[in-house]
Amino acid sequence: GRVTTASVNHVLWNQCQEFLVKLNQSSGLKSGMRFALPTEAQWEYACRAETTTKYYFGDDASKLGDYAWFGKNARDVNENYPHPVGKKKPNAFGLYDMHGNVWEWCQDWYGDYQSTSAIDPSGPTGGKHRVLRGGSWRRNAGYCRSALRVGGNPDNRDGDNGFRVSVRDF
């Protein structure tokens with residue numbers, strides 16, 4: 001599905017769901033379509049933009065400052081907050097801030113990957129934590145890699161947790 005940019009932080013996973021319910025009630029999307037958090041697989045596909053490198057621009061972390069707000073160009077210079085979306089370079093899909101700025105909630109529960117290959121896999125059916133992707137303005141370059149994933153308590157309100165909305169078929 002198509003992924004658009006949201007500029008929201010300090011948000012709980014459950015608040016994302018409440019927002020999406022209201023958005024879907026008033027959206028006027030065609031039948032079978034709705035707004036949702038991206039699954040972890042959809043988030044990574046959108047971030048990578050058909051690349052296989054550590055970052056959507058390549059493997060050289062020294063270039064990350066051109067594409068992302070992260071520890072070195074935010075926290076380490078006392079800019080301890082999320083920055084306006086779209087101030088850095090986008091990926092090949094035209095998406096901004098896929099690396100850094102705020103961790104982005106995904107729909108999936110956090111858990112081990114499936115042991116078999118799958119296209120657009122679903123995560124576990126339950127768990128304690130939800131998936132966060134992308135890194136943030138607080139973290140070093142390694143946390144901003146396309147493949148990096150962490151589990152977050154869905155009741156955690158943090159200044160570097162945010163979300164991105166996708167439009168999906170259901």
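Everything quoted here is computed from the prediction, not taken from an experiment.
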query = If you measure only the distance, is there a donor-acceptor pair under 3.5 Å linking the side chains of W43 and E104?
reply = yes

Nearest atoms (heavy-atom pairs only) where G142 meets Y55 = N-OH, 4.1 Å

query = How long is the span from the OH atom in Y96 to the NZ atom in K87, to the nearest 0.5 Å?
reply = 10.5 Å

Side-chain donor or acceptor of R133 paired with backbone N/O of C144 under 3.5 Å = no

message = So, taking the atom named OG in S136 and the one named CG in N161, what distance separates them when rounded to the nearest 0.5 Å?
response = 8.0 Å

key: Residues which pass side chain to side chain contact (heavy atoms under 4.5 Å, CB included) with N73, listed by chain and number, not counting sequence neighbours   = W69, F70, K88

query = Does P82 reach the side chain of N101, with side-chain heavy atoms less than 4.5 Å apart?
reply = yes

key: N/O donor-acceptor pair under 3.5 Å between D108 side chain and E40 backbone   = yes

note = dist Q17:CD -> Q107:CD (nearest 0.5 Å) comes out at 4.5 Å

key: Residue Y143 excluded, over 12 heavy atoms near OH under 6.0 Å   = no

request  = Quick one: closest heavy-atom pair of D120 and A41, and the distance?
outcome  = OD1-CB, 3.9 Å

request  = Take H129 and V150 through the test side chain to side chain contact (heavy atoms under 4.5 Å, CB included) and record every step on the way to the result.
outcome  = CA-CA 9 Å; H129 295 100; V150 298; over 6 Å; no

From CH2 (W103) to CZ (R149), nearest 0.5 Å = 11.5 Å

inquiry  = Please find the pair of heavy atoms, one from P90 and one from G94, that lie closest to each other, and give the distance.
reply    = CB-C, 3.8 Å

task = With side chain to side chain contact (heavy atoms under 4.5 Å, CB included) as the test, would you mind laying out the steps for V11 and C16 before giving the verdict?
result = CA-CA 7 Å; V11 65; C16 297; 4.0 Å; yes

task = Using a 4.5 Å cut-off on heavy atoms from C-beta on, say whether the side chain of F57 contacts that of L64.
result = yes

ask   = Is T125 close to W109 at the side-chain level, that is, under 4.5 Å between some pair of heavy atoms?
value = no

inquiry  = How close do H99 and S146 get, counting heavy atoms only, and between which atoms?
reply    = CE1-OG, 3.3 Å

query = Quick one: do L12 and Y110 end up in the same hydrophobic cluster if we chain Ile, Leu, Val, Met, Phe, Trp and Tyr together by side-chain heavy atoms under 4.5 Å apart?
reply = no

4.5 Å side-chain heavy-atom contact, Q42 and R168 = yes

message = Contact between R139 and R75 at the side-chain level, heavy atoms closer than 4.5 Å - yes or no?
response = no

message = For the residue pair E50 / Y45, report whether a side-chain donor-acceptor contact shorter than 3.5 Å exists.
response = yes

message = Hydrophobic clusters here meaning ILVMFWY residues chained together by side-chain heavy-atom distances under 4.5 Å, can you tell me if V165 and V131 are in one?
response = no

request  = Determine whether N153 and R130 make a side-chain contact, defined as any pair of heavy atoms from C-beta on separated by less than 4.5 Å.
outcome  = no

request  = For D112, look at atom CG and say whether over 12 heavy atoms of other residues, nucleotides or ligands are found less than 6.0 Å away.
outcome  = no

message = Checking the side chain of N14 only, and the main-chain atoms of P154 only, is there a donor and an acceptor separated by less than 3.5 Å?
response = no

task = If the plane angle is over 60° it's perpendicular, under 30° parallel, otherwise tilted; pick one for Y67 and Y56.
result = perpendicular

message = Just to verify, what does Y113 make a ring-ring contact (aromatic ring centres under 6.0 Å, His included) with, not counting sequence neighbours?
response = none

message = For F163 together with F19, are the ring centres under 6.0 Å from each other?
response = yes

key: From L20 atom CG to K22 atom NZ, the distance as rounded to the nearest 0.5 Å   = 11.5 Å

task = List the atom of P124, the atom of G111, and the distance in Å for their closest heavy-atom pair.
result = CG-CA, 3.8 Å

task = Check whether L23 and W13 end up in the same hydrophobic cluster, where Ile, Leu, Val, Met, Phe, Trp and Tyr are linked by side-chain heavy atoms less than 4.5 Å apart.
result = yes

ask   = What distance separates F35 CZ from S26 OG, expressed to the nearest 0.5 Å?
value = 8.5 Å

ask   = Between R138 and D160, does at least one N-O distance fall below 4.0 Å, as a salt bridge requires?
value = yes

Stepwise side chain to side chain contact (heavy atoms under 4.5 Å, CB included) test for C106 and L37 = CA-CA 6 Å; C106 293; L37 291 178; 5.8 Å; no

If you look only at distance, which donor and acceptor atoms sit under 3.5 Å apart when one is on a side chain in residues 27-34 and the other is two or more places apart or in another chain?
unit_1 : atom_1 : unit_2 : atom_2 : d
S27    : OG     : N24    : O      : 3.4
S27    : OG     : L29    : N      : 3.2

query = Is there a donor-acceptor pair under 3.5 Å between the side chain of N91 and the backbone N or O of A46?
reply = yes

